[in-house]
Amino acid sequence: MCQDFSRLPEIIARHRQSSESLIMILQDIQQEYHYLPPEALTLTAETLAVPLSKVASIATFYNSFSLKPRGKNIVKVCLGTACHIRGARLIQDQLEHKLGISAGETTSDSEYTLEAVACVGACAMAPVVIVNEKYHGSLNVNKAAKLLKRK
Amino acid sequence: MENRFHVRPELCIACKSCELACAFTHSSLQGQPGKSRINIKVIKADESRLINTPLICLQCDEAACATICPTNALQWNLETGALVHHDLRCVRCHLCVAACPFGNIYFDPVTDYPVKCDLCDGDPMCVKFCPSGAITWLPLTEAEVNRIQPEINEEADTD
Amino acid sequence: MVTLTINGKQIKAPAGEMLLETIRRQDIEIPALCHHAAVEPFGACRLCTVEITRQSWDGWKNYVTSCLFPVEEGLIVQTHSSEVTRIRCTILDLLLASSPNSRVIQDLASEYGILASSYVVDAAGDDCILCGLCTRVCSELGMNAIATVERGRLKKVDTPFSEPSASCIGCTICAQVCPTGHIRFEERGLKRKIWYKEFKLIACSECGRSLKLTPEMKQYFSERQQLPEDYLEQCADCKQKQTVDRFNRIIDRSEEVI
Amino acid sequence: MCIKNSRQLKQVQRDFLTRDKQFTRKALICCGTGCLANGAQAIVDEFRIVMKKKRITGFSFEAVRSTGCHGFCEQGPLVIIEPEGIFYTKVKTSQVTDIIDTTIRKGVVIERLLFTNPVDGQKITHYPEVDFFTHQQRIVLRNLGKIAPHDIKEYIGNGGYAALDKALRRMQPQEVIDEISRSGLRGRGGGGFSTGRKWQTCADVESEMRYVVCNGDEGDPGAFMDRSIMEGDPHAVLEGMIIAAYAVGANQGYIYVREEYPLAVIHVQKAIEDCREIGLLGKNIFGTEFSFDIRIARGAGAFVCGESSALMKSVAGEVGEPRAKYIRSVVKGLYDQPTVLNNVETYANVPIIIDKGANWYCKIGTPKSAGTKVFSLVGKVRNTGLIEVPMGITLRRIIFDVGGGIIDDRPFKAVQTGGPSGGCLPDSMLDLPVDFDTLTANGSMMGSGGMIVMDDLTCMVDVARYFLEFLVKESCGKCVPCREGLYQLHGLVQKVCAGQGSEQDLDRMEQLSEVIVRGSLCGLGQSGPNPLLSTLKYFREEYLEHILHRRCPAGVCRDLIIYTINEKCTGCGACVKPCADVAITGEKKKLHVIDQDKCTQCGACMAVCNFDAVEVH
């Protein structure tokens, strides 16, 4: 895959050039590319003078980072306690079935990435699914299935 | 009063008593003799003459082995004046062995840790067992008078 | 100096010293797999856990890892009380389940009477117990070639992207400090392979024997410590020969003078 | 504009109030995450569009406020018309014109938009009359749902930053610490450590540099108190932090916010910028000698980063692995300097304590746990949402008075507090007063305030399994008891869920738990077995039922249940579609059947059936 990394220096330059900014820089890179390309990690490490191994360590330690390319649409199923006891597992099963992938995977056409996340803090409307940053609450299996624009 | 080794190769008869004394002094807990920290090197000077030289750590003031050690495993024992290698701090990087300009620190083939003279807590056994007086343990001033070390350096410098 | 009681015996120890060192100085055996004097204490393996209490605690006890706990005046320490042994046994039992093939773990566990793990054994489990010694010494040296990736049970030690790391100098100390021998390296003649990377080893300029040093190590350390480069070129044996040779010449000269 | 003295601050407040008086009515639209998800932004936009069309006197754009969370997320989007306090729930964009024409212009109430009391079916007109709100005492949440969180003038207009002014001008740092100590405020992050004592310790350590850090990494699943406060009243948190910094002598602060809370990040960021602009952050705050600044550190998804030492590592841009805290972080914390770390709610309590005094504050709540506590009341309870109650209130009053009881009037089974570090309490404990010490003594803990209510359809073994699964995923992996112990513990519970457990397994769970509690490095492991231990203690029969009779009474554990369709089936076919296993067959309008060989007991059919025709055994 050929990708344009010309925006990387600009993203990094937005932050204070200190290792303190590392996590936030990676978040911004992920925002832009939907994942963390190895090139981005290398450049970040060089710019901030942080060892590459530490950058890789951070990129894999925290949940929100992905080193694998993700789909165009990110579907997050909340598995917080409130959602769990209101049947989040059913919703997850349904979405997995519908997309034909397990949580954490991306469909072969790169349209959807399904992620199971711990609490998103919208517990009052459990169970919750977030599609591309938009919250959908008080779901049931059928409503959840309709969130995906595919048969 | 601080003492120093005073080595006189011309007196050495290569009996290796010093090596044995050292090896037994540094026996393992199980009673296995350790690797000797003193080494008698026998070199053919010419067709008719062999030179026997007991070689032992000089406890250099600015020791290369201690300087290069990345984990400070070599530390001075201020009581005995010995630069002592602490296995517990060692990460076996082999740098000290390579750094010693005289080859007086080696690897123990069994434990793979570097070994060097620790002056036997201030009472070197090799000296006690040397029958010919080739290696003696003299007060600093006396040893200094007889010392040939500066000449070695001078020699090395002109090389 | 502080005074404390270890297993009923009154002991003096320098203030600021970690309890583990004090205990070990008493010739009391306590296992500690993540501990190495060359790096800061870490507290990951928890095997050095001991029981502490004080006269004033009224029977209340606490369990602390001795590698990280500085000695305190009036502390009463038990290194092998039944609860401590139970904690240690459980940890060894757990380690034996996750690293069933490790000799070190097997031996240590059998010392505590555990011959087989009572938990679900991960047959594919490797010998790494994530003690962090390798990454810590690597970082201490300033290389940072390896670090942990992922977290929890997926955590492992690796180079970035599992590729040869530009910062690795092939010193193998990660393997040297590894308590279970999980990190391996290959060394044949003047070649060394570690962490997906191949190194040439420096040969003794006299006899050609391996110095067990890579040129990268030589460059890094001689620069860092400002040592003459020729200090790192010959093996101990050849250097001794040279020393004797010099002796020889000096003696010759002095004889001439006489 | 830069506020340099008390007079200028008062002026800003007066200006705001004068402007506010121009409006005969105001519309407060809740724009918390819950209401936004239900389309609150569209309501705000619609208000503005309609208002553009109709010119109304005494009402302008500024009178339409997008506020923070009211807490009653269940009923969103919420619109409140001030000054009457008329409370509209589940508002749709199509109804906005009506609201403007009828209520805002004429002050007439629209019946059908009112909230219906689920208990007696009565319509309730005014906001404070709703049961959900009557039993609450809102101190920390005083501004939530009342002010627009992104406007600093509204905060000042409502008395904000007066406490900071008082502290900086009329109190010595030591007096501030004494006041907080006397108030009896305890850390709201869960531990319940005395805030005053913490500040005192930090101030007493000799150091050039000190830090003040706010823990907004609300990782407990089932909790969103901090989120709502940061989103709805960020200035209260900042004011608390600045006062703390003044008290301990810190010049740099950090506020650590979860990345999962994008709105909170935006609002806090805006609040920080506004503060800098008017001189409440930066050099010479309020024209005094005191300088302090705050930076945001965004978390990236790691529960363990709620632990203080891990959080501080994360702030410094490192992997969030905890360290042993034999030297406490208040002495040696961020960058090894003395650091005060409190959570969002704790800081939000500070301004009002300084403002109204410790004597006023410590009269609220119980003698040992002063003040109020914010909870996120969720799960199988009717009124889910964010609540604030005085300490010492019983669980029963929270669940049945504020929460309105259990959904569908099912029997109450348990309430979970304290998240993955807390425990589950059964109905025999419903009359326990809620305070730090009572909950801990009974095997649960206050935690940061997640309160999850469970009914008889919740399997307690499954709940224990759920929390352990969560912790196994979230364990940083540094120490053995937590990494391997919780994993094995999860395996043992899983075995029970699968009907393969034995009674000995229960003993082994308890033994292993004890070692994990004693042997783990940080709080995550040390408290990790709590959900298991508390369910084992209070719901042991349910475990035994799984083991001895291979039965899951709640009908949750998939290996122990079967689904069947009874004669109530109308043959509507709703269950066929979600059945991933294609196990349900039947003709239209005729009784459907589940093929037990194909069924994987996912329960999707039961979840969608509108006729109670799917049964679980």
Side-chain angles (χ1 to χ4, degrees), chain A residues 16 18-28 30 48 50 54-55 57-65 76 78-87 89-91 93-94 96-98 116-126 128 130 133-138 140-145, chain D residues 33-34 36-38 71-74 76 218-224 227-228 258-262 295 297-303 314-321 376-380 384-386 416 419 450 452 454 458 463 466-467 470 473-474 476 574 577-578 580 602-604 607-608:
Chain A
R16 292 192 324 127
S18 114
S19 57
E20 221 174 65
S21 321
L22 180 53
I23 293 174
M24 286 187 271
I25 289 175
L26 295 183
Q27 283 167 339
D28 284 3
Q30 172 139 323
L48 298 183
V50 175
K54 296 230 155 139
V55 179
S57 203
I58 283 169
T60 51
F61 182 86
Y62 293 99
N63 273 341
S64 60
F65 297 128
K76 294 181 184 168
C78 176
L79 295 184
T81 321
C83 292
H84 175 76
I85 65 168
R86 285 198 183 182
R89 196 160 56 149
L90 286 180
I91 310 265
D93 286 351
Q94 186 64 213
E96 284 183 351
H97 170 63
K98 199 95 183 173
V117 296
C119 192
V120 296
C123 320
M125 354 182 273
V128 180
I130 305 173
E133 310 290 306
K134 192 169 169 9
Y135 288 68
H136 302 269
S138 311
N140 63 29
V141 246
N142 281 349
K143 274 200 223 164
Chain D
T33 297
L36 281 180
N38 288 324
F72 208 11
C73 314
E74 176 90 287
E218 190 171 44
D220 286 15
F224 59 101
R227 164 177 211 152
S228 304
R258 291 181 81 196
E259 197 208 18
E260 288 89 336
Y261 293 175
R295 275 191 216 121
R298 266 185 278 157
F303 175 65
S314 191
V315 168
E318 289 177 42
V319 162
E321 269 178 14
S376 72
L377 182 64
V378 293
K380 303 283 186 74
T384 58
L386 192 72
Q416 210 277 344
I452 298 127
M454 301 168 184
T458 316
V463 168
Y466 163 80
F467 278 114
F470 174 82
K473 258 193 246 162
E474 293 295 334
C476 80
K577 216 163 63 175
C602 74
V608 296

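For clarity, every value in this text was computed on a predicted model and none was experimentally measured. Below, read A as the first sequence line, B as the second, and so on, with proteins coming before strands; counting in each chain starts at 1.
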- chain A contact via D:Phe72 - which portion, at a heavy-atom distance below 4.5 Å: neither
- Item | A:Arg86 CZ to A:Asn140 CG distance, which is reported to the nearest 0.5 Å | 12.5 Å
- Task: Show the numbers, then the answer: is there a side chain to side chain contact (heavy atoms under 4.5 Å, CB included) between A:Cys78 and A:Ile130?
- Result: CA-CA 8 Å; A:Cys78 176; A:Ile130 305 173; over 6 Å; no
- Query: Would you say A:Val117 and A:Leu79 make side-chain contact, with heavy atoms under 4.5 Å?
  - Reply: no
- Between D:Ala607, D:Gly603, D:Ala574, D:Gly219, which residue shows the highest count of heavy-atom pairs closer than 4.5 Å to chain A? D:Gly603
- Note on the structure: Assert top hit (heavy-atom pairs under 4.5 Å, partner chain A, pool D:Gly385, D:Gly76, D:Ala223) equals D:Ala223
- Query: In terms of heavy-atom pairs under 4.5 Å with chain A, which of D:Pro578, D:Cys73, D:Ala302 leads?
  - Reply: D:Pro578
- Message: Quick one, A:Phe65 and A:Leu26 - any side-chain contact, counting heavy atoms below 4.5 Å?
- Response: yes
- Query: For chain D, which of A:Val50, A:Leu48, A:Thr81 has the most heavy-atom pairs under 4.5 Å?
  - Reply: A:Thr81
- Shortest non-hydrogen contact from D:Phe467 toward D:Gly419: CE2-C, 3.8 Å
- Item | chain A contact via D:Ser228 - which portion, at a heavy-atom distance below 4.5 Å | neither
- Message: Heavy-atom pairs under 4.5 Å with chain D - which of A:Ala144, A:Ser21, A:Cys123 has more of them than the others?
- Response: A:Cys123
- Note: vs chain A, highest number of non-hydrogen pairs under 4.5 angstrom among D:Ala297, D:Gly320, D:Ser376 is D:Gly320
- Of all of D:Lys473, D:Arg295, D:Glu321, which one pairs up most often with chain A through heavy atoms under 4.5 Å apart? D:Arg295
- Message: Regarding A:Asp93 and A:Lys98, does a basic nitrogen lie under 4.0 Å from an acidic carboxylate oxygen?
- Response: no
- Could you tell me if the ring centre of D:Phe470 sits under 6.0 Å from that of D:Phe303? yes
- Side chain, backbone, both or neither: which part of D:Thr458 has a heavy atom under 4.5 Å from chain A? side chain
- Item | Test item: D:Tyr466 and A:Ile85 side chains (from C-beta on) under 4.5 Å apart, heavy atoms | no
- Item | Heavy-atom contact with chain A under 4.5 Å, split by part of D:Glu474 | side chain
- Note on the structure: Applying a strict 4.5 Å limit to non-hydrogen atoms, the region of D:Ala604 in contact with chain A is both
- Query: Should the pair D:Glu260-D:Arg227 be classified as a salt bridge under the 4.0 Å nitrogen-to-oxygen rule?
  - Reply: no
- Heavy-atom proximity to chain D below 4.5 Å, by part of A:Asn142: both
- Item | D:Asp220, part contacting chain A, at a heavy-atom distance under 4.5 Å | backbone
- Task: Output the option from D:Leu36, D:Val378, D:Val463, D:Leu386 having the highest count of non-hydrogen pairs under 4.5 Å with chain A.
- Result: D:Val378
- Going through the checks in order, is the side chain to side chain contact (heavy atoms under 4.5 Å, CB included) test met by D:Glu259 and A:Gln27? CA-CA 9 Å; D:Glu259 197 208 18; A:Gln27 283 167 339; 3.4 Å; yes
